[in-house]
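Encoded as structure tokens, the structure appears first; notes follow it.
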Amino acid sequence: MKKRIGILTAGGDCPGLNAAIRGVTRAAYEMFDAEIIGIHDGYRGLIEGDYQIMKRSDFSGILTQGGTILGTARTPFRNMRVIGEDKVDKVAAMKKTYKNLKLDCLVTLGGNGTHKTANLLSEEGLNVIGLPKTIDNDLYGTDFTFGFHTAMDIATEVIDRIHTTAASHGRCMVIEIMGNKAGWLTLYSGVAGGADVILIPEIPYDISKVAKVVEARAKSNKGFTIIAVAEGAMDKEEAKLKKKEREAKRAAEHFSSSAYVAKQLQELVGVEARAVVPGHIQRGGSPNAYDRVLSTQFGVHAAELIRDGVFGVTVALKGNTIGHNALKDIAGVPKLVPEDDQMINIAKRIGISFGD
Ligand code: F6P
């Protein structure tokens, strides 16, 4: 019997989404009689009934393509049950589209927000399977999400390139890596790029400690310092504020985390400091080989789950094994960098400062 599979990508995009879509759909076509319905722009398309019946050929040639062929959008979970001015009951609308399309299941590719809505839909009785993507790697229950390793490669290349110009000018270069709540990307690319200081949201920093590192390096024969700072990194004073207060402070000062650190160091140490923000470059372009493989593994496992009728789960990497977790167990549980994380200890062992 034909299985009708709806598939959507939600939240911020990342390299590997198309590879994962290809993995699910190719394996589904190979294993059973599948009809794939591509839902446009994540949950927005499901709410508004914006979709397209896909052909097998639509999934050809997309393995290496960045972004998502289905489009994506941020449809915040906190508003899902809120009926706004448009008077649309979003949950009822999503259920209606699912029913109208006579779907056997819905595959949702996304990060934390996407998984919360996936769990909500599962609790509402829909057959849902999640796939964990995000460059932030902050999804609970999986060792890695796809997109993370590619972003790490890009951020590392940025740090590498900054190294040579930092050395030429004897400057302090502060590179802002994506990640508002979780510092995984900054931590890993900072280690890979040989940063001298790594500042992440989970470890509020003391700028005077960072200044000491910069000062010592300025006086040494190196003469330059590389600082990898996460978008959401904060100093110990800012950490005492409520999230809203902190955001208001930053907005009033017009400071990104890197500009804030660079300005303070310039004042404290008197070095020439520059802030560099690679931004969305970290989410652009082709997935690296690791992410192509991981996305394909995740996609194939999702298709196997569909074949076996296992729903209400999301695919995960645990050690070297691809498995899955119940959506209800992982939804809304962010995976932050623990203070005693092994990578933090490794970084500290080789003299990297966290400003703590
Ligand atoms: O969730 C991925 C991410 O790139 C975060 O690292 C970053 O804080 C955020 O998305 C940026 O969001 P947007 O693409 O909406 O600017």
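Just so you know, ligand 1 is whichever comes first in the structure, and atom 1 is the first atom listed for that ligand. Computed from a prediction, not measured in an experiment: that's the story for all the values here.
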For the pair D33 and K2, find out whether any cationic side-chain nitrogen is under 4.0 Å from an anionic carboxylate oxygen.
->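 Between K2 and D33 there is a salt bridge, with a charged N closer than 4.0 Å to a carboxylate O.
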
Salt-bridge test for K99 and E124: reply yes if a basic N is under 4.0 Å from a carboxylate O, no otherwise.
->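 Answer for the salt bridge query: no.
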
Just let me know how I135 lines up against ligand 1, side chain, backbone, both or neither, with a heavy-atom cut-off below 4.0 Å.
->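 For I135, the contact with ligand 1 is made by the side chain alone.
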
Would you give the length of the straight line joining atom CD1 of I36 to atom CG of D58, rounded to the nearest 0.5 angstrom?
->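 The CG atom of D58 is 10.5 Å from CD1 of I36, to the nearest 0.5 Å.
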
Pairing residues for F32 by the ring pair (Phe, Tyr, Trp, His ring centres under 6.0 Å) criterion, not counting sequence neighbours =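 F32 satisfies ring pair (Phe, Tyr, Trp, His ring centres under 6.0 Å) with no residue once adjacent residues are dropped.
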
With under 30° as parallel and over 60° as perpendicular, where do the rings of H163 and F224 fit, or are they tilted in between?
->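 It falls in the perpendicular class, over 60°.
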
Contact between G179 and ligand 1, counting heavy atoms under 4.0 Å?
->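 So G179 counts as touching ligand 1.
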
Heavy atom of H280 under 4.0 Å from ligand 1?
->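 Checking ligand 1 against H280, which is what was asked, there is a heavy-atom contact under 4.0 Å.
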
Given M178, R74, E231, which has its nearest heavy atom closest to atom 10 (O) of ligand 1?
->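 That would be R74.
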
Looking only at protein heavy atoms, identify the closest one to atom 6 (O) of ligand 1 and say how far it is in Å.
->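 Heavy-atom neighbour on the protein nearest atom 6 (O) of ligand 1: D136 OD1, 2.7 Å.
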
Looking only at protein heavy atoms, which one is nearest to atom 4 (O) of ligand 1, and how far off is it?
->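 Minimum-distance protein heavy atom for atom 4 (O) of ligand 1 reads R283 NH1, 2.8 Å.
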
Please say which of I21, V107, L46 ends up in a side chain to side chain contact (heavy atoms under 4.5 Å, CB included) with L8.
->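 The option that passes is L46.
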
N/O separation below 3.5 Å, T134 to ligand 1 =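 Looking only at distances, the answer is no, because the N/O contact criterion of under 3.5 Å is not met.
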
